[in-house]
Amino acid sequence: MTNFDTSLFTAKQLDEQDILAPFKRQFHFPKHQDTDVIYFCGNSLGLQPKNVEAAVLQELSDWKNLAISGFAKAQNPWLTYQEYLKPTLANIVGAKADEVTVMNTLTVNLHLLMLSFYKPTKQRFKIMMEAGAFPSDQYAIETLVKHFDLEPNDAIIEIEPREGEKLLRTEDILSAIAQHGDSLAVVMFGGINYYTGQLFDMAAITDAAHKVGAIAGFDLAHVVGNVPIQLHDWDVDFACWCNYKYLNGGPGAIGGLYVHEKYASNPSTPRLAGWWGNEEAIRFKMEKGFVPKTTASGWNISTAQILNTVSLKASLELFADATIERLREKSIQLTNYLEFLLHQLPNIQFEIITPKNVAERGAQLSLYFLENGKAIHQKMIDNGIIVDYREPGVIRVAPAPMYCSFEDVYRFYAILRDHF
Ligand SMILES: Cc1ncc(COP(=O)(O)O)c(C=O)c1O
Ligand SMILES: Nc1ccccc1C(=O)C[C@H](N)C(=O)O
């Protein structure tokens, strides 16, 4: 554990020791009064990697010059476009390459995967989530159970923190799973809660779900590219995520999903299908009868979305170089440093609601303001600090290790110290 202090010298020293520091120069930063903003909002939208522009221009050029032939003859043939992303993405989520694919967008993929894995019966029909899950996930699950003519109040179990607490205790999640037992169909948690920044024990939750015969699925929006995970080894059944946060795939970038190979390799696993999930060899035979690929790509439905995927493809090259393990190592130190400096600010009243234990959090710290949160957020923005505000009362501060430096964290602290 590094001994931190409040000097700029220490920040600069930490940057000098950081082997990932050069990656910062690979990104475009918005400007505030001619200097780079302090960008701690990679948990909402990651910055643009500088290699994206050329990669997009390559696809535009192939479209311009090859048109339909680009599916076979583009520099990166479009027919198999999702395949190019799989090795790096699989590494980031601890899966086999054939257990992941990219398609659609997060909430759409959550719907599609729930339709594969949620088979309510009279006895087993409940879905368990964390209370306060991201609204889009809540809406997805609410409308899914209604689709099956079930009452959300009966079918959705939300696990809440104990009275007076803001975080969930793993023991409470596990005992709730055991308690609902054979009425539980799916446990569907966020891997990290967007509001509190709490990282859940996905291995333990998966085990507990399996013990009662339920499926375990996760929304990894706030996990991918942030914290290394082992989906395959933990025996997680399914997961989905967006690629526009820590993975820097760009606004509305193509989403990602994981299906454990025991289901992915089985053509009988239920799904809603389209021709892009068919084997390439037979895709253009135009025959009746869906024959899925025996990989997660068997969930792909529509034509590869080249312009929506190319930026992620480019960004993943940086992740392959940096590696998620090294990013996490830096991230722990960077967020610990942020936490240390935040505790040196007696002039501002807030509570860090994110767990103190590094094993229970990623890059993000959530600062809860009893009052004036919104005004303080605006003042941060006015001072060139990009963070976001989430009702009620939370400013989320997330230094992404790929492009944030220790000096950025110091500058953030210095602004809060001097101007608030
Ligand atoms: C946990 C979570 N779920 C769902 C979404 C929404 O995803 P999308 O709009 O890409 O469907 C987000 C972020 O926007 C999120 O963080
Ligand atoms: N997709 C967006 C579009 C516009 C503004 C924010 C988002 C986010 O991704 C927010 C993020 N999911 C969150 O954790 O709040």
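Whatever order the structure lists them in is the order used to number ligands and atoms, beginning at 1.
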Partner of Asn243 under side chain to side chain contact (heavy atoms under 4.5 Å, CB included), chosen from Asn248, Leu89, Asn308, Leu85
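Of Asn248, Leu89, Asn308, Leu85, side chain to side chain contact (heavy atoms under 4.5 Å, CB included) with Asn243 is met by Leu89 alone.
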Nearest protein heavy atom with distance in Å, relative to [atom]:
atom: atom 11 (O) of ligand 1; value: Thr107 OG1, 2.5 Å
atom: atom 11 (C) of ligand 2; value: Lys245 NZ, 2.7 Å
atom: atom 16 (O) of ligand 1; value: His222 NE2, 2.9 Å
atom: atom 7 (C) of ligand 2; value: Ser44 OG, 4.4 Å

Take atom 5 (C) of ligand 2 and look for protein heavy atoms under 4.0 Å from it; say yes if you find one, no if not.
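No; the ligand atom in question lacks any protein heavy-atom contact below 4.0 Å.
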Yes or no, since that's all I need: does a protein heavy atom fall within a distance strictly under 4.0 Å of atom 13 (C) of ligand 2?
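Answer yes: something from the protein, a heavy atom, is under 4.0 Å.
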Check: Ser44 side chain, Cys41 main-chain N or O, donor-acceptor pair, under 3.5 Å
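A pair under 3.5 Å: no.
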Is there at least one pair of N or O atoms, one from Arg396 and one from ligand 2, spaced under 3.5 Å apart?
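Among all N and O atoms of Arg396, at least one is under 3.5 Å from an N or O of ligand 2.
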Short N or O distance, His222 and ligand 2, threshold 3.5 Å exclusive
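Yes; at least one N/O pair falls below 3.5 Å.
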At a 4.0 Å cut-off, with the gap strictly under it, does some heavy atom of Tyr244 reach an atom of ligand 2?
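A heavy atom of Tyr244 does come that close to ligand 2.
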With a cutoff of 4.0 Å, is Ala221 in contact with ligand 2, counting heavy atoms of the residue only?
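Judged by the 4.0 Å heavy-atom criterion, Ala221 does not count as contacting ligand 2.
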What atoms of ligand 2 come closer than 4.0 angstrom to any heavy atom of Phe134?
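Answer for ligand 2: 11 (C), 12 (N), 13 (C), 14 (O), 15 (O).
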Per-atom contacts of ligand 2 with Tyr194, taking only distances under 4.0 Å to non-hydrogen atoms:
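This gives 14 (O) as the contact atoms.
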Going by distance only, is there an N or O of [X] that falls short of 3.5 Å from an N or O of ligand 1?
X: Tyr194; value: no
X: Asp137; value: yes
X: Tyr244; value: yes

Region of Gln364 that comes within reach of ligand 2 [heavy atoms, distance under 4.0 Å]
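For Gln364, no heavy atom sits under 4.0 Å from ligand 2.
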Parallel, tilted or perpendicular: ring planes of [X] versus [Y], cut at 30 and 60 degrees:
X: Phe117; Y: Phe238; value: parallel
X: Tyr194; Y: Phe134; value: perpendicular
X: Phe406; Y: Tyr337; value: tilted
X: Phe71; Y: Trp78; value: perpendicular
X: Phe369; Y: Phe350; value: tilted
X: Phe340; Y: Phe4; value: tilted

Can you sort out which atoms of ligand 1 are near Ala221, meaning under 4.0 Å from one of its heavy atoms?
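Those qualifying, in numeric order: 1 (C), 2 (C), 15 (C), 16 (O).
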Do Glu59 and Tyr81 get their side chains close enough for a donor-acceptor pair, meaning under 3.5 Å?
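There is such a pair (donor and acceptor under 3.5 Å, judged by atom type) between the side chains of Glu59 and Tyr81.
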Just checking Tyr139: does its OH atom have more than 12 heavy atoms from other residues, nucleotides or ligands closer to it than 6.0 angstrom?
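No - once you tally the heavy atoms of other residues, nucleotides and ligands closer than 6.0 Å, there are 12 at most.
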Is it possible for you to check whether Lys166 lies under 6.0 Å from the centre of the six-membered ring of Tyr368, through NZ or CZ, and within 45° of that ring's axis?
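Yes - Lys166 lies over the ring of Tyr368, closer than 6.0 Å to its centre and within 45° of its axis.
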